[in-house]
Amino acid sequence: MLYNINMELKILSKNEINLAIKDEIASLLRRKPNAILGLATGSSPVGVYEELVKAYQVRDISFNEVTSFNLDEYIGLEKGHPQSYRYFMDNNLFNHVNIIKSKTHIPSIDKNSEDYFEKYDNRIKDAGGIDFQILGIGSNGHIAFNEPGTDFNSLTHIVDLKESTIKDNSRFFNNINEVPTKAVSMGLKSIMNAKRIVIIITGKNKANALKRLMSKEITTDFPASILNRHNKVTIYADQDAASLL
Ligand code: GLP
């Protein structure tokens, strides 16, 4: 099997992954207290956020000057819905650290919102660009909500979610009919503009996705494969995800 030499692959336990990414962010914040963080939702980054909260509690890090940009948000959930990504971020990270809420950005389709999607990439650019981007991956290779077939040059846009993503994400809702069918997502180009990217891939259900990501093929059929063209990507995988390598 041919592996791409550009992306670094680290196979660690989940706990080690969370600590390693927390350490990277902590050292970035020491070097650059006003760093721009690109944040993800889903189950993959939850442990990293727990470690960041712990580090904040012992005053190892401060988010006082940090600006954040989230990857994506569902369309159609009412404000404050427990499955909205705003709710997720508030509950898993923002409410537990000293980040300034007005500096946390989640894309929205609301034209009156400061994070209206057409302005989102400019807002990131004006802030100085994302220093550190955390990603998860969907079983079909999506990153953020960039489903298979998404243009590699895409910026923040509205997405029709694929059946497989709706099914994967239905575990967070009472039933599959409650899962939104649309979302707003940073594009693949928006993500590739980040200076440093880490992607968390854990669990047996991601083993096929990791195997495909490690092949040299770069194709819009598997959106995460674009990461092969970035020279500062680390894949953090656990043994279960690496079981097919
Ligand atoms: C959602 C999110 C993605 C995330 C993916 C995987 O579709 N939009 O950003 O990477 O789920 O989620 P999980 O980490 O729960 O497997």
Side-chain angles (χ1 to χ4, degrees), residues 14-15 17-18 21 37-51 68-77 81-89 91-93 104-109 115 117 120 130 132-150 154 156-173 176 178-192 194 197-213 222-227 233-238 240-243:
K14 266 189 173 176
N15 205 24
I17 292 172
N18 297 337
I21 298 177
L37 300 181
L39 301 175
T41 51
S43 43
S44 303
V46 168
V48 173
Y49 297 150
E50 282 170 7
E51 292 302 333
S68 72
F69 289 91
N70 262 78
L71 288 167
D72 47 12
E73 178 59 291
Y74 287 118
I75 294 176
L77 295 182
H81 190 289
Q83 291 311 327
S84 72
Y85 288 167
R86 164 55 72 184
Y87 185 97
F88 175 102
M89 289 310 303
N91 276 278
N92 285 286
L93 183 65
T104 65
H105 304 271
I106 309 236
S108 155
I109 56 156
D115 297 318
F117 79 93
Y120 204 64
I130 290 172
F132 190 92
Q133 176 68 57
I134 301 178
L135 293 178
I137 190 170
S139 56
N140 64 0
H142 74 243
I143 48 175
F145 268 134
N146 293 290
E147 296 282 27
T150 306
S154 52
T156 305
H157 62 296
I158 294 175
V159 173
D160 287 312
L161 299 178
K162 296 271 187 220
E163 223 26 71
S164 61
T165 301
I166 292 172
K167 200 164 156 250
D168 282 354
N169 290 1
S170 65
R171 69 188 192 279
F172 298 115
F173 292 81
I176 197 160
E178 285 184 12
V179 187
T181 56
K182 284 180 184 289
V184 55
S185 176
M186 266 167 65
L188 293 168
K189 191 169 180 196
S190 329
I191 293 170
M192 289 292 283
I197 298 175
V198 298
I199 180 163
I200 304 168
I201 309 183
T202 60
K204 279 233 151 46
N205 60 330
K206 299 285 174 71
N208 272 312
L210 178 58
K211 189 175 174 198
R212 192 147 179 210
L213 184 60
F222 194 75
S225 64
I226 186 66
L227 297 174
V233 177
T234 299
I235 303 166
Y236 282 99
D238 69 357
D240 282 344
S243 57

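Residue numbers count from 1 along this sequence. Both counts, for ligands and for their atoms, begin at 1 and track the order of listing. Bear in mind that the values here come from a model prediction, so they are computed numbers and not experimental data.
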Less than 4.0 Å from some atom of ligand 1, heavy atoms are found in residues G42, S43, S44, D72, Y85, G136, I137, H142, A144, F145, N169, R171, K206

Taking the six-membered ring for Trp, is the centroid-to-centroid distance between Y74 and F173 below 6.0 Å? yes

Quiz prompt | Any P45 side-chain heavy atom under 4.5 Å of L39 side chain | solution = no

What one should report as the nearest heavy-atom pair of P223 and N146 is CG-O, 3.2 Å

| message | I'd like to check F145 versus N169 (side-chain heavy atoms, cut-off strictly below 4.5 Å). Are they in contact? | response | yes

Worksheet item: Can you check whether E51 reaches N15 side chain to side chain, under 4.5 Å on heavy atoms?
Response: yes

(message) So V184 and Y85, do their side chains get closer than 4.5 Å, heavy atoms only?
(response) no

